[in-house]
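In what follows, a structure is listed as structure tokens, so that the remarks can point back to it.
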Amino acid sequence: MSLALASLGLLLVAALLGLWQPKQPLSSLLAFGASLILLGELGHLSAPPQEESLWSLGPLTLGLYLDALSRLFLGLCGLSFPIYLYSLTEPQRRGERGLLPLLLAGSILTLLAGTAGTFLLGWESLALTSYALSGLRTRAASRMASFLEVGGIALLIGWALLPSSSLADLLSHPPHHPALFLLFLVGFGAKLGLLPLGVWYPELYRKTRASGGALYSGALWMVAVYGLLRFEAIFTPTLATGWILLLWGLLSAVYGALRGLAEPDLKRLLAFSTLEQGGSLVLVLGASQLFRLGGHPQLANFGLLLAVYLALHQSLAKALAFQAAGLVESATQATSLDRLGGFGRWPWTTLGASVGLLSLGGLPPLAGFVSEWLIFQLLFQGYKLPALAERLLLALAGALFALLSAALLVATTKALGVGFLGQPRTPRPPLPPEPGIGRLSLFLSSALVLALGLLTFWIFPGLGQGFHLEHLAQQIAPANLQIHPVHASFSTMSSTVLAIFLVIATLVIHRFSKHQPRRAVPFWNGANSQREGLQVSGTGYTTSLQRTFALFYRPRWHLKEGRYRVELRDWFEERLYPSLDRHLRSLSRWASRLQIGYVTLYTLYIFLAFLIALFVTPLIGGHP
């Protein structure tokens, strides 16, 4: 626990320095060092659990708890160290440099939480820091704060209904009320991006600096995954929770992939990719619960390891993509794909964007391809379940997951081709020199993403230690460069061997091809690379698919100044949230009538609350 506490203290010092002297780089350098210290927790996964009480006042107790799972996620959060190097390239607003270390400090506090008070304190500190980092009093920040508070209230109610506020007690004596797990699913789903709780992501990502967006998709997202896995292990799985997880995750993933497919803004596209990744992770957890109930514990545990691998890939690849997006935004003051392009003179930025976006799109042999392949293998083994309904459900999930995987690949190749590799769509001044610190951060992040995909056989045994599933992890990734979805007889794959084959094939083709000079125009440049109007735009790249899925997009086409403009409508924005806003305002006006100032009426409220608690507490397993 000493490493995590040392990192936490160093981050608090960095935050104070960043708030006191926002123009000095020392704050970011201290946060960089604190992240590296966190990596040391990965070397202590086999250490025994540690519990420590900090402060107690009546029912409110602050305590710490550290076991293999929290150590694993602390170490994974430490992999965000390149983001703090990248933040040195950004012109920070007043106080912003101190908020970046504070965000990681809140993540550490939440991961170390051993009681309800500590957990909620860390969770709310994350919400407040995120709100301040996203720009106070903006529409995007207010929407984010609203949905995170909805999640926070759900977590508060869930903790209040548990028989104990101690995490160690809950792990040793799990509660027998799986319906409470849905409250925690809502709470963590607000940060994971589950529908309809995650629609604050796109606008927030577009307004926030790239370093903030990278941390939102990294450390902040990791904390939500940790909480979901922690409470998924505490509560007994049921058929209902398995179905809810799988269907909710599937719908969220399909929504995120299809919205990202038609998105012409680079940062918003990355945000919708986050929604897709969150839905895919919850989908995997739902399949894991169904396998556990169906008598296949190995496949169920494989789903848990796969969920952590998905979270790790999302964190690293999204951080890399955000760094590249931030560099091009600082050079062009734009994130719209139609105003980008022409970054061939920035080789490190283009290379980093290629690795990050293609990994998110699932191109082999990168980590995104490995994670998608493993998800398919998990879903395809649904035929082993005894119930016909579950077998059909997993088959349907596999078919829809293939659709969203293809949509995500098209979206990421659009972002890479139009936004980076293509020629500029609009006139702009020459590009400045590529930032040196930006090159270093991109190199480190690219190396992490490549290692995650090529060294899968080495990474899975480490993930298995976090769940005490070392034997299963060795079965999935034996020491022969291959990975198996539990059973080697079902299928096998080696991303390392695949990468070696692709490199050799490329060298052979280059060696024996005829070296005749020829002029070729990439397809994303259209028919003529000298005419901006003939190049494919960010919207035109997927126009045919927008018409194919017109029932989902409901597009409106406008002809303005000789150009077609498309307006894509969102059902949540047009129907759900305005209706919800009206009902909440009506409820607020009705509740204000209760506050009429009579002491006798307030006494009646207290008496009624006491009666409700007296009768409800025995129903949830507590003592009246």
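All values derive from a computational prediction rather than experimental measurement. The first residue of the sequence shown is numbered 1, and numbering continues consecutively from there.
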Given Leu45, Leu472, Leu229, the one that forms side-chain contact (heavy atoms from CB on, under 4.5 Å) with Phe467: Leu229
Between Trp123 and Phe188, ring centroids under 6.0 Å: yes
Electrostatic pair Arg259-Glu276, nearest N-O below 4.0 angstrom: no
Donor-acceptor under 3.5 Å (Thr115 side chain, Gly63 main chain): yes
Distance (rounded to the nearest 0.5 Å) between Leu269 CG and Thr412 OG1: 8.0 Å
Non-hydrogen side-chain atoms of Leu374 and Ile483 separated by less than 4.5 Å: yes
Distance (rounded to the nearest 0.5 Å) between Ile244 CD1 and Leu185 CG: 8.0 Å
From CA spacing to verdict: side-chain contact (heavy atoms from CB on, under 4.5 Å), Leu392, Leu396: CA-CA 6 Å; Leu392 293 177; Leu396 175 63; over 6 Å; no
Spacing of OG belonging to Ser130 relative to NZ belonging to Lys191, to within rounding of 0.5 Å: 6.5 Å
OG-CG distance between Ser445 and Leu450, expressed to the nearest 0.5 angstrom: 11.0 Å
Reported CG-to-NZ distance for the pair Leu299 and Lys384, which is rounded to 0.5 angstrom: 5.5 Å
Donor-acceptor contact below 3.5 Å, side chain Ser315 vs main chain Leu312: no
Phe181 vs Phe231, ring pair (Phe, Tyr, Trp, His ring centres under 6.0 Å): CA-CA, chis, key distance, verdict: CA-CA 7 Å; Phe181 174 66; Phe231 285 94; 8.2 Å; no
No-hydrogen, no-angle side-chain donor-acceptor test under 3.5 Å, Gln465 and Ser46: no
Side-chain donor or acceptor of Arg391 paired with backbone N/O of Leu385 under 3.5 Å: yes
Test side-chain hydrogen bond (donor to acceptor under 3.5 Å, both in side chains) applied to His173 and Ser164, step by step: CA-CA 9 Å; His173 301 91; Ser164 174; over 6 Å; no
Arg71 and Gln50: side chain donor to acceptor below 3.5 Å: yes
Ser288 side-chain N/O to Ala300 backbone N/O, donor-acceptor pair under 3.5 Å: yes
Short side-chain to backbone donor-acceptor contact, Ser35 and Ala31, under 3.5 Å: yes
Exam field: side chain Gln381 to backbone Pro485, donor-acceptor pair closer than 3.5 Å: yes
Side-chain heavy atoms of Val308 within contact of Val225, under 4.5 Å: no
Gap between atom CG of Leu104 and atom OG of Ser80 - 0.5 Å precision: 5.0 Å
Between Trp243 and Gln289, a side-chain donor and acceptor under 3.5 Å: no
Between Ser491 and Gln377, a side-chain donor and acceptor under 3.5 Å: yes
Over 12 foreign heavy atoms within 6.0 Å of NE2, His484: yes
Ring pair (Phe, Tyr, Trp, His ring centres under 6.0 Å) assessment of Phe490 paired with Phe380: CA-CA 10 Å; Phe490 184 77; Phe380 288 164; 7.5 Å; no
Whether Phe272 and Tyr255 hold their rings parallel, tilted or perpendicular, with breakpoints at 30° and 60°: perpendicular
Tyr205 and Ser217: side chain donor to acceptor below 3.5 Å: yes
Close aromatic pair by centroid cut-off 6.0 Å: Phe401 and Phe376: yes
Any side-chain heavy-atom pair of Glu124 and Leu148 under 4.5 Å: no
Whether Ser371 side chain and Gly368 backbone form a donor-acceptor pair below 3.5 Å: yes
Trace of the side-chain hydrogen bond (donor to acceptor under 3.5 Å, both in side chains) decision for Thr110 with Ser107: CA-CA 5 Å; Thr110 309; Ser107 302; over 6 Å; no
Aromatic contact, Trp221 with Tyr201 (centres under 6.0 Å): no
